[in-house]
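Right, one structure below, let's go through it.
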Amino acid sequence: MENKFDSFMKIVQKEAAKSNKCFFINSGEGHDFETETMEGEDLFGWLIPIARKKEFISEKSSSNFQAEKWEPFEKFAIWSEKDGNIFVEFKNF
């Protein structure tokens with residue numbers, strides 16, 4: 001059985017996939033929520049095109065990760081609730 005945060009991350013990744021991208025979390029940003037089946041918060045990270053996913057993972061796991069190269073992909077994943085459903089929107093601030 002998946003945990004409540006994994007359920008939230010499925011929504012985050014499904015939204016990212018709509019634009020052929022994948023979201024990689026850097027940090028939680030507060031604005032927490034919890035339901036019977038899900039929990040989460042606003043997130044900060046990188047919204048990476050699927051075509052560059054392996055490149056990002058390789059560089060992120062190396063000791064010389066150059067964050068400035070990936071700055072254009074930095075996004076906030078902001079959740080909202082409507083009619084009992086959780087939605088995620090990617091934003092810049």
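Annotation: the span from Phe56 atom CZ to Ile50 atom CD1 amounts to 12.5 Å, rounded to 0.5 Å. Going from atom OG of Ser27 over to atom CD of Glu41 covers 8.0 Å, rounded to the nearest 0.5 Å. In this structure, the separation between CG on Leu43 and CD on Glu29 is 8.0 Å, given to the nearest 0.5 Å. Between the CD1 atom of Ile78 and the CZ atom of Phe93 there is a distance of 4.5 Å, given to the nearest 0.5 Å. Residue Glu15 holds its CD atom at 9.5 Å from CZ of Phe87, rounded to the nearest 0.5 Å. Atom NZ of Lys91 is separated from atom CG of Asp42 by 9.0 Å, given to the nearest 0.5 angstrom.
Judged by distance alone, with hydrogens and angles left aside, the side-chain atoms of Trp79 form a donor-acceptor pair with the main-chain N or O of His31 at under 3.5 Å.
Heavy atoms of other residues, nucleotides or ligands lying less than 6.0 angstrom from CD of Glu36 number 12 at most. The local environment of NZ in Lys69 is crowded, with over 12 non-hydrogen atoms from other residues, nucleotides or ligands closer than 6.0 Å.
Considering only heavy atoms from C-beta on, Glu81 stays 4.5 Å or farther from Thr35 through its side chain. A heavy-atom distance below 4.5 Å is found between the side chains of Lys53 and Phe24. At a threshold of 4.5 Å between non-hydrogen side-chain atoms, the residues Pro49 and Phe73 count as touching. Counting only heavy atoms from C-beta outward, the side chains of Lys75 and Asn92 approach each other to under 4.5 Å. The closest side-chain heavy-atom distance from Glu39 to Phe8 is not below 4.5 Å. Contact of the Met38 side chain with the Ile11 side chain is registered, since non-hydrogen atoms from C-beta on lie closer than 4.5 Å.
Under a hydrophobic-cluster definition in which Ile, Leu, Val, Met, Phe, Trp and Tyr are linked whenever side-chain heavy atoms come within less than 4.5 Å, directly or via other members, Met9 and Ile86 are assigned to the same cluster. One hydrophobic cluster, built from ILVMFWY side chains closer than 4.5 Å, cannot hold both Ile48 and Ile25; they sit in different ones.
Phe23 and Phe44 make their closest contact through CZ-C, 3.8 Å (heavy atoms, listed as atom of the first residue, atom of the second, distance). For the pair Phe90 and Ala77, the tightest heavy-atom approach, listed with the atom from each and the gap, is CE2-CB, 3.7 Å.
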